[in-house]
Amino acid sequence: MRKMFKRFIAVALAGMLLASSGCSGGAGNGAAAYKSTFMQTIETLNPYLLTGNYSFVANTIDGLVENDRYGQYVPSLAQSWTSNDDDSVWTFKLREGLKWVNDLGQQTRYPVTAHDFVEALRYVSDPAVGAKNFSTIRSVISGLSDYYFALDDIDSGDDTTRTREDVYPTFDTDVGVKAIDDYTLEYTLSGSTPYFLSYLVIELFLPLNKAFLDTVGESYGTAKDKLLYNGGYYISDWDRDKQVIMTQNPYYWDKEHITVKTLEYQKVADEVTGLELFQRGEITSATLTAEQFTALKGTDWEKNIYLSEKSPLTYWFTFNYHSDNPEFAAMLQNVNFRKAILYAMDRVTLSALWEPENPAFFTRNTIIPEETMYNSKGVDYTDQPNLKPFKDQIPYDPAKAKDFMLKAIEESVDPDGTIRGVTPGYVDMLPVTDFNVDGKLPIDLVFVCTQDELEIKKSLLFREMMISALGSENINVILGYSVNSFSEEVFEPMNFDLVDDSYSFRFADPSANLARITTDGSMNEGGYDVPEYDALVERALAATDIDQRYELFSEAEKYMLENVYLMPYLTGGGSYNMTHEVPFTTPQGAFGLSKYKMKGAIIQDTPITAAEYSQRKEELEKEKASMLG
Amino acid sequence: MIKYILRRAAQSLATICLVIFAVFMLLRMMPKSGYFTREDYINMDEGMRESYLRSLGVLDPPLVQFKDFIGKLFHGDLGRSITVYPKTPVLDILKEKIPYSAAFGLAAEILSMTVGMAMGLVMSREKGRWPDRLGTAYAVGVRAVPSLVYLFLIQIWVSKQLKLPLLYYGNRPNSWILPLVSMALSSIAWYAIWLRRFMVDEENKEYIQFARVKGFSKKYITKHHIWRNALVPIAIGLPSDFLLIVSGSLVIENLYSIPGTGGLLVEAIKRMDNNLVQALVMLYATLSVLGVFLGDLLVVLVDPRIKLSGKEA
């Protein structure tokens, strides 16, 4: 409410101010500094514990490889690399003579060596450290998962025969990472992994100096002097919840490509303040909400607003296959019921809540994002015959939805309107909702989201869509909202029939997500049981030839989509922005940290126009095409 | 008097201990999934969640955790934040944040006291005339209009008109003005309206009329009788007001990006950062109890007729 109200004033004021002062245009921001804002608290600078605010780590610590502005993997701390025939052993040659830098920009006595990469892995594979993203990497490196769970079993008391001290040495013998000498690093992987490079841009693979770690202990990364830097910048100032200033590292190996002297981020309460700072010429770039964008339409600023790219993050709907609501639980077993919901949902309209300008562009109908992986012939994974029909066709068709619904009712509901196998009773989904079911049509469906303003709008729209397409005599949508913690009130007790959430895509193989939504998969929130799909994934995982692997995975994905076990519907990314930074001059990459790097950034005096943005994008596409062609 | 102080101190200590224990146990009774953000939760599988909780140290029995907590407390160790600022010592966080809130709070308190009391004095002296009406209008206005409306207007519009910075910057004193004024606005009204009320109340009492009949000047009566008596109800809250400035201002700190303690407790509770919640509750509970205690002592100083222990009376 407070936020809503504030936005309202902000929009009104923005209009007022523009009218009164006539827009003054952005003041010049030389290449000396890039200034921006952040809203989410920077919890820590410890790279391995991060779950957001990646720019600070991406610009201050380099890993083995990075992406260039075309998204290709190029050398960073590794100068070159080779892999064996089946891509299961990778050897990296590191740059020599580099030293870690401290928060004063001085070189320390600690060199950057292959050992730092070994130590980093040792650090994150200790459960006591609490690296939340560890599951992303644990199965790729041979022996890593076993080491982690050996320690975990000791901590939990499940294993009383050994102590932690007994297990520590096994890291050097059993885990597939080895410093052959100071500048040669070798990873032994669990199996053939041609996409291993896409892992190496993930923060968990960044190096860590053991000697320094020993001096700071548990406080590693909790302050700017409790961390060492080897990237283009070092953190020269960190005022908790106020600002972060990164200053150019004078000893950086790729110094000539660091074009901006300092990167300065300050905390603001919300987008309203960010936009105001931008309009007053105090910051280089700002992100806008859809409402701010609407408010600025028709003003001189409009031409400067561009829409940033889609991200590989995918939003999908999850059905609860173990719902306490017997009506929904009974109907969900019927594939036609699931299809009815799929075809009744108008994802373009839902997308417009966030992206009023081009809502269809931000819909996604596949589980795996497009433009992230290409087979040997350069065909996008999602453009394979199995998936192309899904990708191209937005499944919204109220008439078809109604047909499916009638079919489902015919199959699962008695002529007198009694849903088969349902005992009437009381459904307790508190604190979200509670209600009585009569076991008759209409079918009750509980849709749950947070109390965010747009989320509430989304839930209301969703209900409207269901009722208008399927008929209120057939479906009754009950809306529920979490008050505080979504995981505590909704996910853990499974207090929902339908929820949607976003799922990141962390490395360049379909298994990154497809292998996690199997029956036992960690992302199978709804608890479905689909052995057919599991078998398809199993088969795909065994394939080592990329083309075959992609084809098999696409078959598995097709099975999932055809039977509507879950419903992908939106992409992440795509925010409205204004900036003085020339677009597409910095590294781009679907995965990991490279996309946050400011290497090569060019800041111009006037804000970029949307036209310039599209032109630059086109140029980049052309360059990319000619490079690949 | 000494005896009274000792007894009160013992009572206060017991209260604080009880609060700490209750909060400690209540935190441990919350569902474990509250330690995860929504993203964390869906991105981790059951085994990872379990081991993450263990790394936070929240899987031990609550009483064992409490024993550890007390043990560390005696060594001046408040533990480390677990979810809001992972692994950062709580003491460091407080050391960084309290100075901001304390400085702004203190300045705002002094500003509102001086301006508010001066206003109250003028209003009571000019009762019924335009300065009084103006003051009342201000007080009613500030209290009736939702504070976000004018706070936001000040930040966006006034800052533009006066060419003042939109946010707080440590090295730009002109950026301190707006947050300071914003913080003081409503407590100025509070001081003004209550002081006026108490003074008008006293003015109508018989002893004042008696003093007037005796021929004392209006100025003398105001200074020696009315003012002192009117101050008593205000004085009792002063120590608390001053001590609790360390808790910061949620809205204003947020608006102007002042990195103080405002909102820290709320955030810590939301993210279930046990160690941070405990430290803050301990701090605020101690200061509140101390504030009430000092308030009682201050009243004695202001009004010698008030005695704290039965015997002396």
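So that the names make sense, note that chain A is the first sequence line, chain B the second, and so on, each numbered from 1.
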Quick one: what part of A/Arg138 sits under 4.5 Å from any heavy atom of chain B, side chain, backbone, both or neither? side chain
Exercise: do A/Tyr148 and B/Ser51 side chains pair donor with acceptor under 3.5 Å: yes
Count the heavy atoms of every other residue, nucleotide or ligand shown that sit under 6.0 Å from NZ of B/Lys270, and state whether that count exceeds 12. no
Once rounded to the nearest 0.5 Å, what's the spacing between atom CD of B/Glu253 and atom CG of A/Asp241? 10.0 Å
Stepwise side-chain hydrogen bond (donor to acceptor under 3.5 Å, both in side chains) check, A/Arg280 with B/Ser159: CA-CA 11 Å; A/Arg280 291 187 190 189; B/Ser159 75; 2.8 Å; yes
Residue pair B/Phe36 / A/Lys132, side-chain heavy-atom distance below 4.5 Å: no
Go through the atoms of A/Glu489 and report whether side chain, backbone, both or neither lie under 4.5 Å from a heavy atom of chain B. neither
Proximity breakdown for A/Asp239 and chain B, heavy-atom pairs closer than 4.5 Å: side chain
Give a yes-or-no answer on whether the side chains of B/Tyr169 and A/Gln243 include a donor-acceptor pair shorter than 3.5 Å. no
Quick one: of B/Lys87, B/Glu50, B/Glu267, who has the most non-hydrogen atom pairs under 4.5 Å with chain A? B/Lys87
Toward chain A, the part of B/Lys97 with a non-hydrogen atom under 4.5 Å: side chain
CZ of A/Arg240 to CD of B/Glu96, rounded to nearest 0.5 Å, is 4.0 Å
side-chain hydrogen bond (donor to acceptor under 3.5 Å, both in side chains) evaluation trace for B/Tyr41 with A/Asp501: CA-CA 11 Å; B/Tyr41 193 86; A/Asp501 215 317; over 6 Å; no
Output the option from B/Leu167, B/Asp92, B/Ile93, B/Leu53 having the highest count of non-hydrogen pairs under 4.5 Å with chain A. B/Leu167
Flag the pair A/Asn46 / B/Pro86 as yes when at least one side-chain heavy-atom distance between them is below 4.5 Å, and no otherwise. no
On a heavy-atom basis, which atom in A/Lys242 and which in B/Ser257 lie closest, and how many Å separate them? NZ-O, 2.8 Å
Contact leader toward chain B among A/Leu151, A/Val129, A/Asn484, where contacts are heavy-atom pairs under 4.5 Å: A/Val129
Start with the C-alpha gap between A/Glu488 and B/Tyr35, add the side-chain angles, then the distance that decides, and say whether side-chain hydrogen bond (donor to acceptor under 3.5 Å, both in side chains) holds. CA-CA 9 Å; A/Glu488 181 186 317; B/Tyr35 293 103; over 6 Å; no
So do A/Val268 and B/Tyr256 actually touch side chain to side chain, heavy atoms under 4.5 Å? no
Determine whether B/Arg38 and A/Thr450 make a side-chain contact, defined as any pair of heavy atoms from C-beta on separated by less than 4.5 Å. yes
Honestly, the part of A/Ser502 sitting under 4.5 Å from a heavy atom of chain B is backbone
Mind ranking B/Met44, B/Met48, B/Met30, B/Met272 by heavy-atom pairs under 4.5 Å with chain A and telling me who comes out on top? B/Met48
A/Ser156 vs B/Arg54 side-chain heavy atoms within contact, under 4.5 Å: yes
Given heavy-atom pairs under 4.5 angstrom as the criterion, report whether the side chain, backbone, both or neither of A/Ala223 touches chain B. neither
Minimum heavy-atom separation for B/Leu166 to A/Glu276, with atom names? CD2-CG, 3.4 Å
Between A/Thr222 and B/Arg80, do the side chains contain a donor N or O and an acceptor N or O under 3.5 Å apart? no
Using a cut-off of under 4.5 Å on heavy-atom pairs, state which of A/Asp155, A/Asn133, A/Thr136 scores highest against chain B. A/Asp155
Salt bridge flag under 4.0 Å for residues A/Glu492 and B/Arg49: no
Sort B/Asn43 into side chain, backbone, both or neither according to what part of it lies under 4.5 angstrom from a heavy atom of chain A. both
When only pairs under 4.5 Å are counted, which of A/Ser485, A/Gly221, A/Ser135, A/Ser219 shares the most heavy-atom pairs with chain B? A/Ser219
Checking B/Ser81 against chain A: side chain, backbone, both or neither under 4.5 Å from a heavy atom? neither
What part of A/Tyr503 gets closer than 4.5 Å to chain B, counting heavy atoms only: side chain, backbone, both or neither? side chain
Heavy-atom check, side chain of B/Thr37 versus side chain of A/Phe486, under 4.5 Å: no
To the nearest 0.5 angstrom, please state how far the CG atom of B/Asp273 sits from the CD atom of A/Glu43. 9.5 Å
State, yes or no, whether a side-chain contact exists between B/Thr88 and A/Thr44 at a heavy-atom distance under 4.5 Å. no
Show the nearest heavy-atom pair for residues A/Gly130 and B/Ser55, with the distance to one decimal. CA-OG, 3.6 Å
Does any heavy atom of chain B fall under 4.5 Å from the side chain of A/Leu277, the backbone, both, or neither of them? both
Could you look at A/Ser487 and say if it's the side chain, the backbone, both or neither that has a heavy atom under 4.5 Å from chain B? both
Non-hydrogen side-chain atoms of A/Thr273 and B/Gln155 separated by less than 4.5 Å: yes
OH (B/Tyr85) and CD1 (A/Ile42) are apart, to the nearest 0.5 Å, by 10.0 Å
Please flag which part of B/Glu39 lies under 4.5 Å from any non-hydrogen atom of chain A: side chain, backbone, both or neither. neither
